[in-house]
Amino acid sequence: MTIVTRFAPSPTGYLHIGGVRTALFNYLYSKHTGGKFLLRIEDTDRARSTPEAVDAIIAGLRWIGLDWDGETVFQSKQVDRHRAAAEQLLAEGKAYKCYATPEELTAMREEQKAKGLQPRYDGRWRDKAPSNSQSGQPYAVRFKAPQEGETVIHDLVQGAVTVANAQLDDMILLRSDGTPTYMLSVVVDDIDMGITHVIRGDDHLNNAFRQYQLIVALGHAAPAYAHIPLIHGADGAKLSKRHGAVGVEFYRDNGFLPEALRNYLLRLGWSHGDDEIISDAQAIEWFDITDVNRGAARFDMDKLTALNGHYIRQTDVARLVELMQPFMTAPLTDETRLRLKQGMPGLKTRAKTLKELAEVSQFYVRPRPIPLDDKAKAILSEGGRADLAGMIPALSGQAAWAAPALEAWAKAYGEQAGLKLGKVMAPLRAALCGSTASPSMFEVMEVLGKDETLARLRDSASA
RNA sequence: GUCCCCAUCGUCUAGAGGCCUAGGACGACGCCCUCUCACGGCGUAAACCGGGGUUCGAAUCCCCGUGGGGACGCCA
């Protein structure tokens, strides 16, 4: 049997980071088993679905690198199929018409809550034929769910989960305006798409019982279910908008690498011994849905950031220069691009995000005179300027302009001037980089070149 | 409230009854490397929610409690 999984987000504005993990698990499981991974947009909530939101989901999946098989399915285009399924159940006596109004049902639920009961439909139209007064009125179609016994889901993650059928009420299949509900749509679409494994957030676990019954009523075998725990925020509650960074675009726009996010998300609720850095190939080889933990995991930005730093260090220089460009304040010229490529080995160990990488790289691309931060200014005013003035003539005569030669020069100069090496380097750093943190100054001087180096030093010495 | 799920360092986790004096990673702290900041290396502190069982033996199995989470829509 070929395994077919799907990711079925509803387009509500952005691609939720928890959704990305769900998609990742679906993707990985299908790849691991040599199956297919499908995408279905659950856009049946006409009020909330927008083309922009659909685009955000697709762009987000592309960015994170989760490709799906076949055409994207839009649930809204399948309504005829959904409605036909409801009609079938109605004809078979497995569903019935309910004439209760929304107001009436709200009142019913209020009453139940007041009595401390679980609010649920009381089946008032389950075995009742409409009277004459109702016959022309709008009605909803409800599923005639079994009321006795129990339903058990053998969940691949949660294990056997049992619920008493008495707990489940008769869900609505078709609204009074004739449109299908989510419960009906998922089931019909999963059948039509040949989904064998439903891997989704465990906020759907309760729904699974109803969907299972519905599928069986429609005469099909139920798929295997795997309800994975939700991602929680630092406070332990379901990750939501108030936690801040919930959309994938946040991570993309703040300089995270897709491979880092993938690796991080994979390790949330799943592990392979003590392995932390896991390649895509290893993930596909090792991942099994039954190994996913049952407890929810909290999202830890620090760990993601550390992982991102690791992947940045792994990434080759040329790719980093391209990736960091959107974070640069000005477009690169041929000269600055070359400097960045040459300086990148020293730059990339100093940044954990592309955004930071762009920041620590600024001094290579800024036009003279480069701005100095407060600490750099302090170094220059506390004697640094005079030290620089002394170095400039000596450096001007330096012929071999490569890091090792410059280091030899600096040591010799320090000895001769009675300055410790650190004392020689600090003003150079301040003048050349405008700060007190930088890559090795010898490397910086080499990359900048003699002319630019001396020009910057003169800028500061004379300021 | 009712139903369902969960429970190992601050966080992510390893752990399938003896391998556990509980391992790794992030974070924290200290040291080393060093022209600064990073990177890297070394090290320290830090956890089995509580109570009962079962067993020769329990982080691992069972029960109860407690705590946390999720679901209870003519939303998806």
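Numbers restart at 1 for each chain; the letters A, B, ... are given by sequence-line order, proteins then strands. Model, not experiment: these values are computed from the prediction. Side-chain atoms are counted along with the backbone in the values below, which use heavy atoms only and exclude waters and symmetry mates.
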A:Asp189 and A:Gln75: side-chain donor and acceptor closer than 3.5 Å?
yes
Answer yes or no on whether A:Lys97 is positioned over the face of A:Tyr139, meaning its NZ or CZ is under 6.0 Å from the six-membered ring centre and within 45° of the axis.
yes
Per atom distances to the A:Thr44 side chain, the nearest of B:A38, B:A25, B:A76 is B:A76
With heavy atoms under 4.0 Å as the rule, sort A:Thr162 into base, sugar-phosphate or nothing.
sugar-phosphate
OP1 or OP2 of B:U2 under 4.0 Å from side-chain N/O of A:Arg120
no
Distance-only side-chain donor-acceptor flag, A:Asp288 / A:Tyr29, under 3.5 Å
no
Starting at CG of A:Leu304 and ending at C1' of B:U11, how long is that distance when rounded to a whole Å?
13 Å
Indicate, with a heavy-atom threshold strictly under 4.0 Å, whether A:Leu230 touches base, sugar-phosphate, or nothing.
sugar-phosphate
Suppose you measure atom P in B:A38 against the same atom in B:G30; what distance do you get, rounded to whole Å?
12 Å
Measure the distance from CZ on A:Arg313 to P on B:G41 and round it to the nearest whole Å.
10 Å
Nearest to the side chain of A:Leu205, which nucleotide is it out of B:C5, B:U13, B:U11?
B:C5
For A:Asp169, run the salt bridge (charged side-chain N to carboxylate O under 4.0 Å, His left out) check against A:Arg210, A:Arg109, A:Arg142, A:Arg120 and tell me which one passes.
A:Arg210
Pairwise C1' distance, B:C39 and B:C33 [rounded to whole Å]
11 Å
Any side-chain donor-acceptor pair under 3.5 Å between A:Gln213 and A:Thr151?
yes
Which part of the nucleic acid, if any, lies within contact of A:Phe209, taking any heavy atom under 4.0 Å across all strands shown: a base, the sugar-phosphate backbone alone, or nothing?
nothing
Which is true for A:Lys375 with a 4.0 Å heavy-atom rule: it touches a base, it touches only sugar-phosphate, or it touches nothing?
nothing
Just to confirm, is there a sub-4.0 Å distance from OP1 or OP2 of B:C6 to any side-chain nitrogen or oxygen of A:Arg294?
yes
Please determine, for the side chain of A:Asp302, which listed nucleotide (B:A76, B:C26, B:G40) has the closest atom?
B:C26
Output yes when A:Lys411 and A:Glu407 qualify as a salt bridge under the 4.0 Å nitrogen-oxygen rule, no when they do not.
yes
For a quick check of understanding: with a heavy-atom distance under 4.0 Å over all strands, which category does A:Pro439 fall into, base, sugar-phosphate or nothing?
base
When you get a sec, tell me which of B:C4, B:G73, B:A14 is the closest nucleotide to the side chain of A:Asn206?
B:C4
Identify the nucleotide, in any strand shown, that forms a Watson-Crick or G-U wobble pair with B:A25, with both distances under 3.5 Å; if there is none, say none.
B:U11
Can you find a donor-acceptor N/O pair under 3.5 angstrom joining the side chain of A:Asp274 to the base of B:G23?
yes
Name the nucleic acid region contacted by A:Gln167, choosing base, sugar-phosphate or nothing; use a 4.0 angstrom heavy-atom cut-off, strictly under.
sugar-phosphate
Below the 4.0 Å mark, does B:G68 have OP1 or OP2 next to a side-chain nitrogen or oxygen of A:Lys238?
no
Can you tell me the Watson-Crick or wobble partner of B:A71, both distances under 3.5 angstrom?
B:U2
Could you say whether A:Asp275 or A:Ala437 is positioned toward the 5' end of RNA chain B, judged by the nucleotide with the nearest heavy atom to each?
A:Asp275
Between B:C4, B:U13, B:C35, which one does the side chain of A:Met441 approach most closely?
B:C35
C1' gap between B:C42 and B:A59, integer Å
30 Å
Compute the ring centroids of A:Tyr264 and A:Phe299, then answer whether they are less than 6.0 Å apart.
yes
Given the C1' atoms of B:U8 and B:A22, what is the spacing between them in whole Å?
8 Å
Please state how far atom CG in A:Leu184 lies from atom C1' in B:C75, giving the value in whole angstrom units.
15 Å
For the base of B:C37, is there a side-chain donor-acceptor partner from A:Arg350 under 3.5 Å away?
yes
Would one find a side-chain N or O of A:Asn293 under 4.0 angstrom from OP1 or OP2 of B:A14?
yes
When the distance from CZ of A:Arg210 to P of B:C75 is rounded to whole Å, what number comes out?
14 Å
If the P atom of B:A46 is compared with that of B:G10, how far apart are they to the nearest Å?
10 Å
Can you find a side chain N or O atom of A:Ser438 that sits less than 4.0 Å from OP1 or OP2 on B:C37?
no
Rounded to whole Å, please give me the gap between CZ in A:Phe299 and C1' in B:G69.
19 Å
The side chain of A:Arg109 lies closest to which of these nucleotides: B:G27, B:C3, B:G73?
B:G73
Using OP1 and OP2 only, check whether a side-chain N or O of A:Arg429 sits under 4.0 Å from B:A38.
no
Do A:Tyr364 and A:Glu452 come close enough that some side-chain heavy atom pair is under 4.5 Å?
no
Using Watson-Crick or G-U wobble geometry with both distances below 3.5 Å, tell me the partner of B:C48, or none.
none
Is A:His204 stacked against the base of B:G70, taking the criterion as centroid distance under 5.5 angstrom and interplanar angle under 30°?
no
Considering only atom P, compute the distance from B:U60 to B:A14 and round it to an integer number of Å.
15 Å
Classify the nucleic acid contact of A:Ala100 as base, sugar-phosphate or nothing, counting any heavy atom under 4.0 Å across all strands shown.
base
Base, sugar-phosphate, or nothing: which does A:Gly269 touch, judged by heavy atoms less than 4.0 Å apart?
sugar-phosphate
Starting from P on B:A76, measure out to CG on A:Asp190 and report it in whole angstrom.
15 Å
P atoms of B:C48 and B:C64, separation to the nearest Å
24 Å
What I want to check is whether an N or O donor and acceptor connect the side chain of A:Thr349 with the base of B:A38 at under 3.5 Å.
yes
Side-chain N,O (A:Ser440) to OP1/OP2 (B:C35) below 4.0 Å
no
Rounding to an integer number of Å, can you tell me how far A:His232 NE2 sits from B:G10 P?
19 Å
Say whether, by atom type as modelled, one donor and one acceptor occur between the side chain of A:Arg267 and the main chain of A:Asp275 under 3.5 angstrom.
yes
Spacing of the P atoms in B:G65 and B:C74 (rounded, Å):
33 Å
Of the listed nucleotides (B:G70, B:U36, B:C74), which one gets closest to any side-chain atom of A:Ser176?
B:C74
In this structure, how many angstroms lie between the P atom of B:A38 and the CG atom of A:Asn308, rounded?
18 Å
Between A:Gly236 and A:Glu443, which is nearer to the 5' end of RNA chain B once each is assigned its nearest nucleotide?
A:Glu443
Counting Watson-Crick and G-U wobble pairs only, both distances under 3.5 Å, name the nucleotide matched with B:A16, or none.
none
Shortest non-hydrogen pair, A:Arg298 vs A:Asp235, comes out as NH1-C, 3.9 Å
